[in-house]
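What you see is a predicted model, and the numbers here were worked out from it, not measured in a lab.
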2 protein chains.
Amino acid sequence: MAMLGRRPVRPSGPVTIHDVAKAAQVSLSTVSKALNGTGQLREETRDMVRRVAEELRFRPSEIARSLSGRQRRTIGLISSDHHGRFSLPVLEGIQDTLDAESISVFLCNAAGDPERERQHIHSLLANRVDGIIVTGTRATPRHPLNLEGEHLPVFYAFSRVVDPDYPCLLPDDRGGGQLAGEHLCRLGRSHVVHVTGPAHVEAVQHRRQGLEHALAEHGLALPPERVLTGSWSEAWGHEAVDRILAAWPSTDAIFCGNDQIARGVVDALRARGVRVPADIAVVGFDNWEIIAAATRPPLTTVDMNLHELGRQAGLQLLTMIDGGEVRGVQRLPCSLVVRESCGGQMSQNRG
Amino acid sequence: MAMLGRRPVRPSGPVTIHDVAKAAQVSLSTVSKALNGTGQLREETRDMVRRVAEELRFRPSEIARSLSGRQRRTIGLISSDHHGRFSLPVLEGIQDTLDAESISVFLCNAAGDPERERQHIHSLLANRVDGIIVTGTRATPRHPLNLEGEHLPVFYAFSRVVDPDYPCLLPDDRGGGQLAGEHLCRLGRSHVVHVTGPAHVEAVQHRRQGLEHALAEHGLALPPERVLTGSWSEAWGHEAVDRILAAWPSTDAIFCGNDQIARGVVDALRARGVRVPADIAVVGFDNWEIIAAATRPPLTTVDMNLHELGRQAGLQLLTMIDGGEVRGVQRLPCSLVVRESCGGQMSQNRG
DNA sequence: GCAGTCACGGAAAGCGTTTTCCGTTGTGAG
DNA sequence: CTCACAACGGAAAACGCTTTCCGTGACTGC
């Protein structure tokens with residue numbers, strides 16, 4: 001009356017390699033070899049073991065594997081960003097790379113708290129991760145990770161370290177600014193104003209330099225007073241428009257430090273009866289879809305390719321883990337996403 | 001001439017318990033006991049061992065620990081959301097809970113791809129996690145995780161499962177709609193229109209029901225034709241305003257299904273010279289800071305408390321891991337964030 | 001002074017893998 | 001028919017820790 005069939009019995013916990021060995025009537029080592037494709041076994045044996053293992057739903061314990069010296073195939077990801085506007089695409093890019101290599105990720109959110117960060121690092125070290133990626137805000141450069149004396153590859157993605165020797169990948173803000181400037185010049189605009197974020201932020205300075213460079217190549221100057229620094233908000237965009245219209249009525253283009261400012265600028269211009277792009281062209285920065293696409297007209301803006309940045313960060317860490325040398329600040333090119341706030345691409349011959 | 005000092009020598013890799021034992025001149029087991037507070041040791045011995053361990057920067061391998069039967073103290077987090085507008089706060093809430101318990105998190109981004117999800121689950125199982133939290137979009141109910149026959153606690157946070165028996169935590173959308181409705185009623189508004197997202201979405205239905213309920217309690221009806229369903233976009237907000245002003249000029253309040261719609265509505269109203277909130281009060285949903293606060297006037301809106309939702313999801317999973325019974329759909333109350341789009345709280349006696 | 005108790009700390013057996021090293025067996029050649 | 005040599009697969013050590021079980025020595029009480 002009892003079930004006497006060959007239903008696999010699993011008394012306690014997951015199937016181990018022992019269970020497989022017993023079921024397949026071979027030794028432990030044979031199972032291991034069969035499943036890992038190592039050693040010298042008849043193909044026949046291999047297949048048999050494989051079949052049994054599958055039937056038993058054997059799933060080798062990664063823990064046990066890592067213990068016996070293999071690579072851990074796990075990395076740590078420390079994020080200091082809580083707002084997450086930028087972290088998320090980066091994070092996804094990183095995962096893309098690591099997924100492809102079947103590497104697991106320990107996620108740690110330090111939330112800017114040094115004590116919490118310390119604990120997370122401790123935990124990562126205790127878990128013997130193969131490497132660490134740090135990501136988060138880059139507004140202010142951070143100190144390098146304190147690895148408690150351990151040696152471990154660390155890569156900084158979208159995160160600036162005080163010492164420029166540490167391997168890190170950042171968007172090419174200068175290039176981004178340049179893209180915007182060139183686009184405006186190509187469209188024949190010549191009275192450009194730059195409305196941007198806090199003056200002390202590195203990205204703000206770089207974007208401005210890029211713009212300046214592009215304008216210069218077209219024989220145009222960007223006088224310092226036409227660079228308005230403020231906060232990263234729509235409200236600042238509105239305020240800036242007041243000043244611009246009052247001070248320089250001949251303005252025909254505004255490059256904004258981010259999309260929120262750009263949205264404020266566009267809204268304010270519309271409210272004042274200034275046509276975008278006919279009277280004034282506007283370029284944003286970030287390509288924050290939800291804002292850029294909803295603006296009326298939709299924003300032409302610079303995209304930092306954060307997903308790609310994450311992907312490459314992942315690759316670089318892998319390189320480091322494999323013993324490769326990676327150092328210093330690298331910059332990933334931005335790209336320009338053309339929507340309607342500068343006029344169609346059709347008119348690009350007009351300049 | 002050689003350095004004969006007692007500089008701790010670390011020939012290869014991390015310090016092990018052996019190294020500590022040797023340095024402290026005691027046995028392995030004594031070190032383990034001293035460091036874990038188990039066994040019977042003189043406080044003196046304990047201290048001594050502790051000191052040596054610290055000096056050597058001994059960091060017990062979590063891997064080895066988990067192998068020898070202890071709890072793994074690690075969970076998996078499967079996220080199917082790539083946009084991440086909602087995942088992020090949830091995710092942070094979860095981490096808050098788990099950090100407090102020193103539990104590590106394996107992050108997996110399935111990105112909606114079943115094959116990728118399968119691989120991640122496999123990896124989590126192989127890593128012997130203690131439990132799994134699934135989070136992501138809830139627009140359409142998902143199938144339960146396929147655990148390959150393994151038994152493991154799984155909790156669904158902000159993610160709907162087809163079978164309502166699975167343990168899951170969702171925002172109380174109905175309650176949220178009710179909050180909005182009550183707020184409007186209290187402010188004396190009586191001609192309410194509801195502009196919301198796709199009709200088939202559960203949250204859309206619930207929010208509408210909540211609104212209806214609140215109105216009913218104040219003797220007001222919400223005729224079906226005054227519920228306008230569309231997309232979750234600003235553009236839809238604009239369009240809806242056209243219809244509303246044409247069809248029901250006496251409208252004095254609009255409850256929007258999310259903040260993007262609300263923003264579109266407010267912008268459109270302003271463009272048509274309708275004053276917000278004087279003529280029409282507007283309530284949003286989501287409390288998406290970046291939109292709600294930047295709208296002019298800033299949006300009064302419903303907050304789903306996603307961070308708290310994540311926190312509680314973490315706690316629930318811990319309960320399950322500890323053997324507790326958790327089942328069925330639970331709802332977390334929303335709260336109302338009052339800004340300016342309905343008028344100040346001052347005027348609440350006006351009704 | 002002697003047995004009986006403790007307090008202490010060491011030896012060793014796991015935990016689930018991989019990997020190295022050997023002992024079989026079967027084959028072909030001499 | 002024996003020998004050498006592959007080819008195959010098993011035994012056992014190792015990975016770094018926890019934990020159980022014991023052996024020691026020092027203390028108590030008589």
Side-chain angles (χ1 to χ4, degrees), chain A residues 10-50 52-53 56-74 123 125-130 150, chain B residues 10-50 52-53 56-74 123 125-130 150:
Chain A
R10 278 206 288 120
S12 60
V15 182
T16 76
I17 199 172
H18 292 271
D19 303 329
V20 179
K22 210 168 295 169
Q25 317 240 45
V26 294
S27 76
L28 294 190
S29 35
T30 305
V31 176
S32 177
K33 286 172 200 157
L35 265 32
N36 292 310
T38 58
Q40 310 216 75
L41 274 66
R42 250 176 312 169
E43 202 49 39
E44 205 180 310
T45 316
R46 255 183 234 287
D47 278 350
M48 188 270 278
V49 172
R50 267 200 270 267
V52 173
L56 255 46
R57 295 169 165 295
F58 172 58
R59 203 178 295 106
S61 159
E62 279 301 329
I63 300 179
R65 302 186 110 185
S66 346
L67 224 211
S68 57
R70 285 169 41 89
Q71 274 247 75
R72 184 79 179 75
R73 296 199 79 70
T74 295
S123 156
L125 291 173
N127 276 289
R128 303 293 188 263
V129 295
D130 299 325
E150 217 66 38
Chain B
R10 277 207 289 122
S12 60
V15 182
T16 76
I17 199 172
H18 292 271
D19 303 331
V20 179
K22 209 167 297 169
Q25 316 241 47
V26 294
S27 76
L28 293 191
S29 36
T30 303
V31 176
S32 177
K33 286 172 202 160
L35 263 33
N36 292 309
T38 59
Q40 310 218 77
L41 274 67
R42 250 176 311 169
E43 202 49 38
E44 203 179 311
T45 315
R46 255 184 234 288
D47 279 351
M48 187 270 278
V49 172
R50 267 201 270 268
V52 173
L56 255 46
R57 294 171 165 294
F58 172 57
R59 204 178 294 105
S61 159
E62 278 301 330
I63 300 177
R65 304 187 105 187
S66 350
L67 225 210
S68 54
R70 284 167 41 88
Q71 274 247 75
R72 185 79 179 76
R73 296 199 78 71
T74 295
S123 156
L125 290 173
N127 275 289
R128 303 292 189 262
V129 295
D130 299 323
E150 215 68 36

(Q) Given 3.5 Å as the limit, does a donor-acceptor pair link the side chain of B/Asn127 with the main chain of B/Ser123, or not? (A) yes
**Q.** First and last nucleotide of DNA chain C, 5' to 3', lying under 4.0 Å from heavy atoms of chain A
**A.** C/dG16 to C/dT20
Q | Straight-line distance of A/Asp130 CG to A/Arg73 CZ, nearest 0.5 Å | A | 8.0 Å
Q. Which residues pass the side-chain hydrogen bond (donor to acceptor under 3.5 Å, both in side chains) test with A/Arg59, sequence neighbours left out?
A. B/Glu148, B/Glu150
Q: With sequence neighbours left out, write down each residue that passes side-chain contact (heavy atoms from CB on, under 4.5 Å) with B/Thr45, or none if nothing qualifies.
A: B/Thr30, B/Leu41, B/Arg42, B/Val49
(Q) Tell me the interatomic distance from A/Gln71, atom CD, to D/dC15, atom P, rounded to whole angstroms. (A) 18 Å
Q: Please state how far atom CG in A/Leu67 lies from atom P in D/dT18, giving the value in whole angstrom units.
A: 12 Å
(Q) Set out, in order, the CA-CA distance, both residues' side-chain angles and the distance that settles side-chain contact (heavy atoms from CB on, under 4.5 Å) for B/Met48 and B/Val26, then state yes or no. (A) CA-CA 10 Å; B/Met48 187 270 278; B/Val26 294; 4.3 Å; yes
Q. Is any side-chain heavy atom of A/Ser66 closer than 4.5 Å to a side-chain heavy atom of A/Arg128?
A. no
Q: Using atom CG of A/Asn127 as one end and atom C1' of D/dG16 as the other, report the distance to the nearest whole Å.
A: 14 Å
Q: Enter the inter-axis angle for the ends of the helix from C/dG1-D/dC30 to C/dG30-D/dC1 (five pairs per end, rounded to 10°).
A: 50°
(Q) Under the rule for side-chain hydrogen bond (donor to acceptor under 3.5 Å, both in side chains), what residues qualify as partners of A/Gln25, not counting sequence neighbours? (A) none
(Q) Among residues at least two apart in sequence or on other chains, which ones pass side-chain contact (heavy atoms from CB on, under 4.5 Å) with A/Glu43? (A) A/Arg46, A/Asp47, A/Arg50
Q. What residues form a side-chain hydrogen bond (donor to acceptor under 3.5 Å, both in side chains) with A/Thr16, not counting sequence neighbours?
A. none
Q. About how many Å separate OG of A/Ser29 and CD1 of A/Ile17, when rounded to the nearest 0.5 Å?
A. 8.5 Å
Q. Taking DNA chain D as the partner, which of residues 27-39 of chain B come within under 4.0 angstrom of it by heavy atom?
A. B/Ser29, B/Ser32, B/Lys33, B/Asn36
Listed pairs, N/O of protein and of nucleotides 22-24 of chain D, under 3.5 Å:
none

Q: Go through the structure and list residues passing side-chain hydrogen bond (donor to acceptor under 3.5 Å, both in side chains) with B/Asn36, not counting sequence neighbours.
A: B/Ser32, B/Arg65
Q | Whole-Å distance separating the CG atom of B/Leu41 from the P atom of D/dT19 | A | 14 Å
Q. Considering only heavy atoms from C-beta outward, does the side chain of A/Val52 approach that of A/Phe58 to under 4.5 Å?
A. no
(Q) Using the side-chain contact (heavy atoms from CB on, under 4.5 Å) criterion, which residues pair with B/Thr74? Sequence neighbours excluded. (A) A/Phe106, B/Arg72, B/Ser104, B/Phe106, B/Val129
